[in-house]
Amino acid sequence: MQPFTKRVIEIIKSIPAGAVMSYGQIAELAGSRRGARQVVRILHTQSSIHQLPWHRVVNAQGEIAIQSEEGNMEQRSRLEEEGIEVSVQGKLDLAKYRFNPAPADIMGAWDNIDPDDVDQML
DNA sequence: CAAATGACTGTGC
DNA sequence: GGCACAGCCATTT
């Protein structure tokens, strides 16, 4: 697994309940400013095996990006359970819920961090 | 190795 | 605000 992929997983796991991050924001923090699509792929392939809080990831407009009806509905309910208000169109207030960790908090010995250890470093 | 694949994004109209 | 378009890039075919 590449460092970038590993970092994306770590970042997603670090999103606290009641907050969200956008695909592009995650990619940028992970070191690839235009890697939003990789975040998508990672969520597709790794969300289950790493138990990622995938529902805390939305697009840059603060909208739920899942296309399938059922997945979209599940994300909405999960977000609402954490106290996030989601509009009828599946949109939320990014200015209010966006999680912006200071880069200094997550930069460091990136490559030596195992995704499973993220919880400990927080 | 070339081509396809995205739960994306910024820009411009 | 919506829509089309062109970049984007790690991974998979």
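Residue numbers begin at 1 in each chain, while the letters A, B, ... track the order of the sequences. The model shown is predicted, which means the values in this text are computed figures rather than measured ones.
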Whole Å only: how far is the CZ atom of A:Arg76 from the C1' atom of B:dA7?
15 Å
Can you check the A:Arg98 CZ to B:dT9 C1' distance for me, whole Å?
12 Å
Interatomic distance, A:Leu52 CG vs B:dA7 P [rounded to whole Å]
16 Å
With a non-hydrogen cut-off below 4.0 angstrom, is A:Gly24 in contact with a base, only sugar-phosphate, or nothing?
sugar-phosphate
Above 12 or not: heavy atoms from other molecules or residues under 6.0 Å from CD of A:Glu80?
yes
With a cut-off of less than 4.0 Å, is there a side-chain N or O of A:Gln38 near OP1 or OP2 of B:dG6?
no
Tell me which of A:Arg41 and A:Arg37 sits closer to the 5' end of DNA chain C, going by the nucleotide each one is nearest to.
A:Arg37
Round to the nearest Å and state the distance from A:Trp54 atom CH2 to B:dG6 atom P.
18 Å
Between A:Arg33 and A:Thr45, which is nearer to the 5' end of DNA chain C once each is assigned its nearest nucleotide?
A:Arg33
Between C:dC9 (P) and A:Ile42 (CD1): distance, integer Å
14 Å
A:Ser22 side-chain N/O to B:dT9 phosphate OP1/OP2 under 4.0 Å:
yes
Taking only N and O in the side chain of A:Thr5, is any of them less than 4.0 Å away from OP1 or OP2 of C:dT11?
yes
Run A:Arg98 and A:Gln25 through side-chain hydrogen bond (donor to acceptor under 3.5 Å, both in side chains) and show every step you take.
CA-CA 10 Å; A:Arg98 183 197 299 275; A:Gln25 185 186 2; 3.0 Å; yes
Electrostatic pair A:Glu10-A:Lys6, nearest N-O below 4.0 angstrom
no
Would you kindly give the CG-to-P distance between A:Leu43 and B:dA7, to the nearest whole Å?
10 Å
Expressed in angstrom and rounded to an integer, what is the separation of A:Met21 atom CE from B:dA7 atom C1'?
16 Å
Given C:dC8, B:dT9, C:dA10, identify the nucleotide with an atom nearest to the side chain of A:Ala60.
B:dT9
Where the side chain of A:Ala36 is concerned, which of C:dA10, B:dT9, C:dC9 is the nearest nucleotide?
B:dT9
Take the protein atom CD1 of A:Ile66 and the nucleotide atom C1' of B:dG6, then report the distance between them rounded to whole Å.
14 Å
Counting C-beta onward and ignoring hydrogens, is there a side-chain heavy-atom pair between A:Tyr97 and A:Arg56 closer than 4.5 Å?
no
Go through C:dC9, B:dC8, C:dT11 for me and flag the one nearest to the A:Val40 side chain.
B:dC8
Using a strict threshold of under 4.0 Å (side-chain N to carboxylate O), is an ion pair present between A:Arg34 and A:Glu28?
no
